[in-house]
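Just below is one structure, and these are the notes that go with it.
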Amino acid sequence: RKSVIRITTGSQALDELLGGGIETSAITEAFGEFRSGKTQLAHTLCVSTQLPANMRGGNGKVAYIDTEGTFRPDRIIPIAERFGMDPAAVLDNIVYARAYTYEHQYNLLLGLAAKMSREQFRLLIVDSVIALFRVDFTGRGELAERQQKLAQMLSRLTKIAEEFNVAVYMTNQVIADPGGGVFISDPKKSARGHVLAHAATIRLMFRKGKGEQRVCKVFDAPNLPEAEAISFYLNFSITPRGIAD
Ligand code: GTP
Ligand code: MG
């Protein structure tokens, strides 16, 4: 792998858990129930990726594929201010695209790869990676085709990560265990998760805590302790400045 860069998440505790932040040349999957903070972390990473290396950034641009229409450019402004960056310049360096079908999502990746060969990108967000596959392949008979297309998409993401030394951050909404608000104990066993689980270098499981507190557990990290948990805050209450301790 090319010299890996670690990009800060905005939370020191989360960074420490990840060995410094989210890695380039790798795929990080954030999975968890609705409102657990997957998209909020994406917003914070949009900014922190652009920080210089001495501020634990990636000194590069950001590509954002949004399948759910939940990117909020106005959320970027206070996060940029928190890190002492010019919000307009930060927004300019986010290449945003809304995807409406899984084919559209795949084609956007091809276009972005061409862009990445010309300019320095350090982050590719796909929020959510699987939502359109759930919509576009509904019938039972289509399951095999869906898995095949999903595998194709994931291998393209791996290629982009490695070829351009980019961090891929993809999200995946999974339903919390109805018995008590905890997650499926072994995410590898969740039926629809397995193709994704193989592609991701590292998997972050998010769940809700009290108020804006969120808990994160790490899975599959090659050099990190298995399933260690930490908490962080979405940080909306005082100033809406993104993920923090
Ligand atoms: P899904 O995409 O539904 O699976 O959820 P998610 O994991 O992406 O959650 P997300 O990061 O969107 O939301 C985390 C929390 O932030 C939720 O409780 C939201 O209500 C909250 N939130 C999002 N935007 C704002 C905002 O502008 N202000 C405040 N106060 N809270 C917000
Ligand atoms: Mg979301």
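Start at 1 and go down the list; that is how both ligands and their atoms are numbered.
Annotation for ligand 1: atoms under 4.0 Å from non-hydrogen atoms of Thr39 are 2 (O), 6 (P), 8 (O), 11 (O), 12 (O). Residue contact check: Ser36 has heavy atoms under 4.0 Å from atoms 6 (P), 7 (O), 9 (O) of ligand 1. Against a heavy-atom cut-off of under 4.0 Å, Glu33 is close to the following atoms of ligand 1: 7 (O).
Residue Arg214 holds the heavy atom nearest to atom 18 (O) of ligand 1 of all those in Gln40, Arg214, Glu68. Across His43, Arg207, Gln173, heavy-atom proximity to atom 1 (P) of ligand 1 is greatest for Gln173. Among Arg35, Arg75, Arg72, Glu212, the residue whose heavy atom sits closest to atom 9 (O) of ligand 1 is Arg35.
The residues Arg207 and Glu33 are annotated as not salt-bridged, no charged nitrogen and carboxylate oxygen being separated by less than 4.0 angstrom.
Inter-residue side-chain proximity for Ile160 and Leu109 is flagged as met; some heavy-atom pair is nearer than 4.5 Å. A heavy-atom distance below 4.5 Å is found between the side chains of Leu51 and Met85. The side-chain heavy atoms of Ser231 and Gln213, taken from C-beta on, include a pair separated by under 4.5 Å.
Side-chain contact check for Thr171 and Asp127: at least one donor-acceptor pair (N or O, by modelled atom type) lies under 3.5 Å. Glu29 and Asn172 share a side-chain donor-acceptor pair at under 3.5 Å. Donor-acceptor pairing under 3.5 Å is recorded for the side chains of Tyr96 and Asp66.
Protein N/O/S atoms closer than 2.8 Å to the Mg ion (ligand 2), listed by chain and residue number, are Thr39 OG1.
No heavy atom of Gly32 sits closer than 4.0 Å to any atom of ligand 1. Residue Pro240 places no heavy atom under 4.0 Å from ligand 1. No heavy atom of Lys208 sits closer than 4.0 Å to any atom of ligand 1. Residue contacts with ligand 1 include Leu234, since one of its heavy atoms falls under 4.0 Å from the ligand.
Paired with Gln40 under the rule side chain to side chain donor-acceptor pair (under 3.5 Å), one option of Arg75, Arg72, Arg35 passes, and it is Arg75.
Relative ring orientation between Phe219 and Phe31 is described as tilted, the plane-to-plane angle lying within the 30° to 60° band.
Note: the hydrophobic cluster containing Leu17 does not contain Tyr233 (ILVMFWY, side chain heavy atoms under 4.5 Å, direct or indirect links).
For Phe232 and Phe206, the ring centers sit closer than 6.0 Å to each other.
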